[in-house]
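Basis for what follows: all heavy atoms, side chains included, without hydrogens, waters or symmetry-related copies. It should be emphasised that the depicted structure is a prediction, and the values quoted were computed from it without experimental measurement.
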Amino acid sequence: MSGADSEFKIVFTGPMGVGKTTAIAAISDEAPVSTDVFNTDREAFDKALTTAGLDYGHIALDDGTAVRLYGTPGQARFRFMWDILGLNAAGVIVLIDASQSDALVQLDHFVDAFGSGKRTPIVIGVGRLDHAGAPPLDAFSQRLETRGLTLPVFGVDVRRRPDVLLLVDTLLCLIETADPTRLTA
Amino acid sequence: MQKRKIAVVGLGDDATHAFQSMLKILDGRAAAAWELSTPERAEVLMAGAHSNEPAIAHWARTDKPMIAVYEGGSVRPVGTHTLCHPFRVMQLLGVLDDIERALVTPVRTAPPVEQLHPGWAFAESLRRLTRCTATGRLYASASAFGTLFVKDDLSAYFIGADLWPQFTQRHVELSALEGTAERAPEGHARRPVLELAWFSGLNGPAGLAPWLDRRAGHRLRRWPDFGLVRGTRDQLALSAALSQNALTLEQLAQTTRQPQAQVERFLNACSMAGILASAIDATAPAPVAPPPSRFGNLIRGLRQRLGLSE
């Protein structure tokens, strides 16, 4: 394998404040390189910094190759970055925050943006399900089922490494099962 | 086109009217021609999951298909055919077509309870309970490690600290669920019924569950909630395979290179969790096992680095 063929890229995506940087940090060899800027949209999400370009982490393998981990910016105005980062990705992990009022719409939005699992395997992690008023996990599964999409949806807390590993391991199983010619098409 | 009769009970007026309008829209678009009927004559029942209609209790004792309709925000019933109200016409179409496929080539149904292997008594009683209507009763099942209790609206079950690890890790002989006037002891943990359903299938007796058909092709309607039931790598791989194709037991074992006994347990668990769609389709082409992934070595290396190797 060489060039783009040998690149193994996993993309973490989802709305602002959902924990993409945290998830990458849980498995990356080193703290992720972030391109954070001051959050000027404190009304939408109350945190001081947000990712404007991308997060980058990597996992070096024993044979000298590396797995690259990219986190997309969460805000829709950086949508163009999603296409760039999603290009030739081996798989995508979509993170959704159930406590956000438009969580179900966000699910559609991000799943659609990355090909609805038809181009690239997608795994979905839903956090903050215990938040008062948050839809149950079933509502997210139901939303996908309605659209004829059978994608893995798990309740997770990305601050817990085992939860991040569950998402990654599931993604790897999907990649193994998927059409092996997909990435070169 | 095959004509089918469907009855509606226990739904609110708005849901009933919406359903009737949708049936008209589906005329000519569904795999069968559906017409409204009474529960006595119907082949399929559409029922409010938490209503208290006698017709549902009667229906629950049969193996005829039932569509359980539940309200958004409440727990999804652990049944094969469910709809979340308010539902869309395409959702209804999907469910009705699924049912039609099953009706055309009926898959196996469970034998009468008295003929079942005693090890399946609990799972079968839970399956029956998922088809019943909620009356607020508590049901109990006894074992050598204590008694567990299930709310009949399937919103939760209650299990003691001695029984839970046994039940989730290996087969425990549990008696069939029976209504009880007792209350769950204070020390019992409240847990989701989905977990109870999953492990009663996974850790049931060896072999395919009596209500599953060896000839049928199976596919997943949705993935198991592995955030809750913590699946193994093999279960993740089986789910990945069944989320992409309908496969028979033999095909699934072949495709994933897993022992049939293990695949049977997985199918039993998915069936109990209400996420498995099964139908016999003689025209379906045999799937071809995918060639090894070209990322095979890299994926193995990544799993090793992350401590995911089994």
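- Within the 3.5 Å criterion, the main-chain N or O of A:E30 finds a donor-acceptor partner in the side chain of A:S28.
- In terms of non-hydrogen atom pairs under 4.5 Å with chain A, the most contact-rich of B:S239, B:P224, B:S243 is B:S243.
- Chain A forms more heavy-atom pairs under 4.5 Å with one residue of B:L302, B:D225, B:I275 than with any other, namely B:L302.
- When only modelled atom types and interatomic distance are considered, B:R265 and B:N268 share no side-chain donor-acceptor pair under 3.5 Å.
- With chain A as the partner, the residue from B:L236, B:L194, B:L242 showing the most heavy-atom pairs under 4.5 Å is B:L236.
- For chain B, the nearby part of A:L151 is the backbone; its heavy atoms alone come within less than 4.5 Å.
- Under the 3.5 Å distance criterion, with hydrogens and angles disregarded, no donor-acceptor pair is assigned to the side chains of B:T232 and B:D234.
- Note on A:D112 versus A:R147: salt bridge recorded, some NZ/NE/NH1/NH2 to OD/OE distance being below 4.0 Å.
- For chain B, the nearby parts of A:P152 are the backbone and the side chain; heavy atoms of each come within less than 4.5 Å.
- With chain A as partner, the option from B:R222, B:R221, B:R230 having the largest number of non-hydrogen pairs under 4.5 angstrom is B:R222.
- A:V126 does not touch chain B: none of its heavy atoms, backbone or side chain, sits under 4.5 Å away.
- Note: B:I67 CD1 to B:F87 CZ = 8.0 Å, rounded to the nearest 0.5 Å.
- Using a 4.5 Å cut-off on side-chain heavy atoms (C-beta onward), B:E195 and B:Y157 make contact.
- Looking at A:V67, the atoms closer than 4.5 Å to chain B (heavy atoms on both sides) all sit in the side chain, from C-beta outward.
- Between B:F226 and B:W223, the ring planes are perpendicular. Angles over 60° get that label, and only those under 30° would be called parallel.
- In terms of heavy-atom pairs under 4.5 angstrom with chain B, the leader among A:G148, A:S141, A:P135 is A:S141.
- Taking chain B as the reference chain and counting heavy-atom pairs below 4.5 Å, the highest number among A:G125, A:P162, A:G117, A:A60 is found for A:A60.
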